Enquirer: 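Sharing a structure here in structure tokens format.
What you see is a predicted model, and the numbers here were worked out from it, not measured in a lab. Quick note on labels: first sequence line is chain A, next is B, and so on, each numbered from 1. Heavy atoms only: backbone and side chains are in, while hydrogens, waters and symmetry mates are out.
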Number of protein chains: 2
Amino acid sequence: MKQKPHTHAPPNLEHFRTLLHQHMVKKGLRSTDQRRLIVETFFGAPNHVSIEELLAQVRARDPKVGYATVYRTLKLLAECGVALERRFGDGLTRYELADEQSHHDHLICVECDKILEFEEDRIEVLQDEIAKKYGYILKSHKHEMYGVCPECQAKASRARKN
Amino acid sequence: MKQKPHTHAPPNLEHFRTLLHQHMVKKGLRSTDQRRLIVETFFGAPNHVSIEELLAQVRARDPKVGYATVYRTLKLLAECGVALERRFGDGLTRYELADEQSHHDHLICVECDKILEFEEDRIEVLQDEIAKKYGYILKSHKHEMYGVCPECQAKASRARKN
DNA sequence: ATGTGTGCAAAGAGTTTGCACAGCC
DNA sequence: GGCTGTGCAAACTCTTTGCACACAT
């Protein structure tokens, strides 16, 4: 038993499928091949997928899916609380599962753009406290720290010696 | 003496002017009317100015400044550490003073897009701790919490009664 | 005099939209 | 059958770039 309590648990996909289904019923939306394919691909994709990456994966299975459909489906997922839209510094919109359990935050290297995820309960707790203080009902958050990763620090100090 | 320790102190503009000047000398860049005007307008502008807003203010003083110049100058400010580039959810790039002293974070209403700033030392402390744990040298951070503000909550509950 | 900075307009990148046809309920 | 969804291409928005001229140094 070496697992720590916050090691990523597999996300509860059923919960999200239900959420999506309810939203679609409520709005009278239809279940199509493309939507199912895109949604399942999204569920199976790594965190922070860009539309481009997702489209590539979708087209591997069905080459004639248009990118507009991917955009529209991801918007839909964002609307019903299944996905979270995120923009880091690179001008791309990325999506991640709105997984309440894994509220990971990000440490981003300003040199090599590597993204490291971390979780820190004490920050979550503080956030809830702050939201309450200002009377907000919290829906989500982004916490990104920008810095130089150990590898790039080493690279830089090596370069300085030459 | 009702002031709390974290009420915004006026930013130390001299420090930023020096930073910018050194950067320009080092890179052999030139001081022009437009750059001075844009930089000073930025210094006097509210936090989170968009390019559009800044351009409007700049043109109020000199109508023939092109928007490309504003983009280029803000990029310059970001490069030399005077300004921070930020993207919230609205697809616009906004800039703010890279004021180390006022490391405020943001509470953003998902209904009305209002942005509330707050400061919380304990979060800053935790961040430093986390960065150290992963060996990162921290340069900056973004911390945005998304939720429903008290006004919009009231509006929503009023609407529910009708 | 040299070379950077500017303004304009055009090009790019990412995203959204209009439309005719396809396909779900 | 009616109405939503799709794919395509065009439109849009924000940002970047190329170029000829202006202007710091």
Enquirer: My understanding is that only residues two or more places apart in sequence, or in another chain, count here; which of them pass side chain to side chain donor-acceptor pair (under 3.5 Å) with B:Lys75?
Expert: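 B:Glu85.
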
Enquirer: Roughly how far, to the nearest 0.5 Å, is CZ of B:Arg94 from CZ of B:Arg86?
Expert: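 B:Arg86 CZ to B:Arg94 CZ: 11.0 Å, rounded to 0.5 Å.
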
Enquirer: Tell me, please, which residues at least two apart from B:Lys64 pass side chain to side chain donor-acceptor pair (under 3.5 Å).
Expert: B:Asp62

Enquirer: What are the atom names and distances for every N/O pair under 3.5 Å that joins the protein to nucleotides 15-17 of chain D?
Expert:
from	atom 1	to	atom 2	distance (Å)
D:dT15	OP1	B:Thr93	N	3.0
D:dT15	OP1	B:Thr93	OG1	2.4
D:dT15	OP2	B:Tyr71	OH	2.5
D:dT15	O5'	B:Tyr71	OH	3.4
D:dT16	OP1	B:Lys75	NZ	2.5
D:dT16	OP2	B:Lys75	NZ	3.3

Enquirer: Bend across the helix from C:dA1-D:dT25 to C:dC25-D:dG1, to 10°, with axes taken over 5 pairs at each end?
Expert: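 Terminal axis comparison yields 30°.
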
Enquirer: Write down the protein N/O and nucleotide N/O pairs, taken from nucleotides 21-25 of chain D, whose separation is under 3.5 Å; answer none if there are no such pairs.
Expert:
from	atom 1	to	atom 2	distance (Å)
D:dA24	N3	B:Arg30	NH1	3.3

Enquirer: Residues two or more places apart in sequence or in another chain: which of them pass side chain to side chain donor-acceptor pair (under 3.5 Å) with A:Glu53?
Expert: A:Ser50

Enquirer: Going by salt bridge (Lys or Arg N to Asp or Glu O under 4.0 Å), name the residues that satisfy it together with A:Glu129, two or more places apart in sequence or in a different chain.
Expert: B:Arg122

Enquirer: What residues join A:Leu126 in its hydrophobic cluster, counting side-chain heavy atom gaps under 4.5 Å, either direct or through other members?
Expert: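 When side chains under 4.5 Å apart are linked, the cluster holding A:Leu126 also contains A:Leu107, A:Leu116, A:Phe118, A:Ile123, A:Ile130, A:Tyr134, A:Tyr136, A:Leu138, A:Met145, B:Leu107, B:Leu116, B:Phe118, B:Ile123, B:Leu126, B:Ile130, B:Tyr134, B:Tyr136, B:Leu138, B:Met145.
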
Enquirer: Running the 4.5 Å side-chain criterion over Ile, Leu, Val, Met, Phe, Trp and Tyr, what cluster does B:Val25 land in, apart from itself?
Expert: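 Hydrophobic cluster check, B:Val25: no partners found.
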
Enquirer: Holding to side chain to side chain donor-acceptor pair (under 3.5 Å), I want the full list of residues that pass it with A:His106, two or more places apart in sequence or in another chain.
Expert: A:His48

Enquirer: In residues 28-37 of chain A, what donor-acceptor pairs under 3.5 Å come from side-chain atoms, sequence neighbours left out?
Expert:
from	atom 1	to	atom 2	distance (Å)
A:Ser31	OG	A:Arg36	NH1	2.6
A:Thr32	OG1	A:Arg35	N	3.2
A:Asp33	OD1	A:Arg36	NH2	2.7
A:Arg35	NH1	A:Arg30	O	2.9
A:Arg36	NH1	A:Ser31	O	3.4

Enquirer: Just to be sure I understand the geometry, which residues of residues 17-28 of chain B put a non-hydrogen atom under 4.0 Å away from DNA chain C?
Expert: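 Hits under 4.0 Å, by residue number: none.
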
